[in-house]
*Asks:* 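Questions regarding the structure given below will be posed in turn.
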Amino acid sequence: MRAAVIQFPGSNCDQDCFYAMERVLGVETFYLWHKETDLRGAELIIVPGGFSYGDYLRAGAIAHLSPVMGVVKAAAAEGRVVMGICNGFQVLCESGLLPGALIRNRGLRFVCEHRLMRVEHSKSIFTRKCRTGQLLNLPIAHGEGNFFADEATLTELQSQHRILFTYSDAHGIARESANPNGSRLNIAGITNQAGNVLGMMPHPERAAEAVLGSADGWLILSAALEHAADLTVPA
């Protein structure tokens with residue numbers, strides 16, 4: 001079992017992801033530079049947060065054209081597990097692996113704080129260690145985390161149970177006051193139609209150990225890892 005963490009110029013959460021996967025979860029993990037086109041048999045691929053290519057044009061707009069994203073798309077089509085976190089979510093949307101777009105926060109300010117998000121359902125690769133309705137405490141750190149999609153796309157995401165996480169208050173209610181960035185339907189994380197690609201703005205890798213203030217992210221990362229470990233992929 002191997003995990004790959006992609007590195008773009010401007011990535012700054014790659015080391016956090018590497019530490020969480022290798023040191024906390026104990027899986028063999030390696031970095032994959034944006035110019036590489038060999039996934040080296042990785043069953044789990046993480047597109048980390050940061051400011052890939054300085055967020056020029058818009059967040060993720062240049063990164064999705066990197067050579068590595070071509071093989072990430074192919075891997076996703078094969079059923080390998082792909083996680084895009086924060087800027088990684090933006091890259092996955094730009095690449096077409098996920099619908100919608102991440103735009104400037106409603107208040108036009110960068111937000112960096114812990115937030116609660118509600119698990120919308122537990123029957124997914126990424127939430128099978130959680131309970132439906134469970135509240136997870138995860139940090140966010142973004143200026144363009146406002147998820148936007150048209151009504152038809154939102155309806156499709158809802159009907160196919162592809163909205164995994166929503167920003168919620170302490171009572172588990174997705175109120176406007178609990179929404180840190182203006183995301184439609186308070187969306188914090190979604191999957192592709194096949195369910196093997198996740199994009200989320202909160203950072204599970206920064207909440208994988210209790211010493212960090214929350215270990216709730218471990219539930220998501222370990223669930224994805226266990227599913228990936230059952231896959232058979234080319235070496």
*Asks:* Val24, Leu212: one ILVMFWY side-chain cluster at the under-4.5 Å cut-off?
*Replies:*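 Not linked; separate clusters.
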*Asks:* Could you measure the distance from the CG atom of Asn181 to the CD1 atom of Ile187? Nearest 0.5 Å is fine.
*Replies:*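 It comes to 10.5 Å.
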*Asks:* Can we say Glu144 and Arg58 salt-bridge, meaning some charged N sits less than 4.0 Å from an Asp/Glu carboxylate O?
*Replies:*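 Between Arg58 and Glu144 there is no salt bridge, as every charged N stays at least 4.0 Å from the carboxylate O atoms.
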*Asks:* Is it the case that the side chain of Asn146 and the backbone of Ser183 share a donor-acceptor pair, with hydrogens and angles ignored and the cut-off at 3.5 Å?
*Replies:*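 Pair found, side chain donor or acceptor close to backbone of Ser183.
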*Asks:* Are the side chains of Phe147 and Leu185 in touch, meaning some heavy atoms are under 4.5 Å apart?
*Replies:*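 Heavy-atom side-chain distance check fails, nothing below 4.5 Å.
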*Asks:* Does Arg2 reach the main-chain N or O of Glu28 with its side chain, forming a donor-acceptor pair under 3.5 Å?
*Replies:*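 Pair absent, no side-chain N/O of Arg2 close to backbone of Glu28.
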*Asks:* Indicate yes or no for a side-chain donor-acceptor contact from Arg40 to the backbone of Phe30 under 3.5 Å, with no hydrogens or angles considered.
*Replies:*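 It does not hold such a pair.
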*Asks:* Any side-chain donor-acceptor pair under 3.5 Å between Asp16 and His203?
*Replies:*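 No, because no side-chain N or O of Asp16 sits under 3.5 Å from a partner of the opposite role on His203.
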*Asks:* Looking at His161, is its backbone amide N or carbonyl O close enough to the side chain of His121 to form a donor-acceptor pair, meaning the two atoms are under 3.5 Å apart?
*Replies:*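 Looks like yes, one N/O pair under 3.5 Å.
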*Asks:* Quick check: closest heavy atoms across Arg206 and Cys13, and the distance to 0.1 Å?
*Replies:*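 Closest approach of Arg206 to Cys13: NH2-SG, 2.9 Å.
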*Asks:* In Å and rounded to the nearest 0.5 Å, what is the OG to CH2 distance from Ser11 to Trp33?
*Replies:*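 Reported to 0.5 Å precision, the distance equals 7.5 Å.
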*Asks:* Which atom pair, heavy atoms only, marks the closest approach of Ala188 to Phe89?
*Replies:*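 Where Ala188 meets Phe89 most closely, the heavy atoms are O-CE2, 4.3 Å.
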*Asks:* What's the separation between atom CE in Met200 and atom CG in Leu164, rounded to the nearest 0.5 Å?
*Replies:*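 It is 8.5 Å, given to the nearest 0.5 Å.
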*Asks:* Can you confirm whether Asp14 sits close enough to Phe8 that some side-chain heavy atom of one is under 4.5 Å from a side-chain heavy atom of the other?
*Replies:*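 Not in contact.
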*Asks:* For the CD atom of Gln7 and the NE2 atom of His34, what is their distance to the nearest 0.5 Å?
*Replies:*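 Result: 9.5 Å between the selected atoms.
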*Asks:* Pick from Val119, Leu198, Thr127, Ile125: which one makes a side chain to side chain contact (heavy atoms under 4.5 Å, CB included) with Ile220?
*Replies:*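 Answer after filtering Val119, Leu198, Thr127, Ile125: Leu198.
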*Asks:* Answer yes or no: is there a donor N or O on one side and an acceptor on the other, between the side chain of Ser66 and the main chain of Val68, under 3.5 Å?
*Replies:*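 A pair under 3.5 Å: no.
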*Asks:* Hey, are the side chains of Asn87 and Asp55 touching, using non-hydrogen atoms and a 4.5 Å cut-off?
*Replies:*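 Yes, their side chains come closer than 4.5 Å.
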*Asks:* With no hydrogens and no angle check, is any side-chain donor or acceptor of Asn186 less than 3.5 Å from a backbone partner on Arg175?
*Replies:*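 Yes, the answer is positive, given that a donor and an acceptor are paired below the 3.5 Å cut-off.
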*Asks:* What closest approach, in Å, do Ala178 and Arg115 show between heavy atoms, and which atom pair accounts for it?
*Replies:*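 Smallest interatomic distance, heavy atoms only, reads O-NH1, 3.0 Å.
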*Asks:* Verify whether one side chain among Asn137 and Asp216 offers a donor that lies under 3.5 Å from an acceptor in the other.
*Replies:*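 On atom types as modelled, these side chains do not qualify, holding no pair under 3.5 Å.
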*Asks:* With no hydrogens and no angle check, is any side-chain donor or acceptor of Asn105 less than 3.5 Å from a backbone partner on Leu108?
*Replies:*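 Not a single qualifying donor-acceptor pair exists.
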*Asks:* For residues Leu157 and Thr155, determine if any side-chain heavy atom of one lies less than 4.5 Å from a side-chain heavy atom of the other.
*Replies:*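 No, side chains not in contact.
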*Asks:* Looking at every heavy atom in both Leu97 and Asn192, which two are closest together, and how far apart are they?
*Replies:*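 What the structure gives for the nearest pair is O-CB, 3.6 Å.
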*Asks:* Is there a donor-acceptor contact under 3.5 Å from the side chain of Asn196 to the main chain of Ala76?
*Replies:*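 Yes, the answer is positive, given that a donor and an acceptor are paired below the 3.5 Å cut-off.
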*Asks:* Measure the spacing between CD1 of Ile46 and CD1 of Ile85 and express it to the nearest 0.5 Å.
*Replies:*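 So the CD1 of Ile46 and the CD1 of Ile85 are separated by 5.5 Å.
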*Asks:* When you measure from the side chain of Arg80 to the backbone N and O of Ala75, does any donor-acceptor pair fall under 3.5 Å?
*Replies:*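 No; zero donor-acceptor contacts below 3.5 Å.
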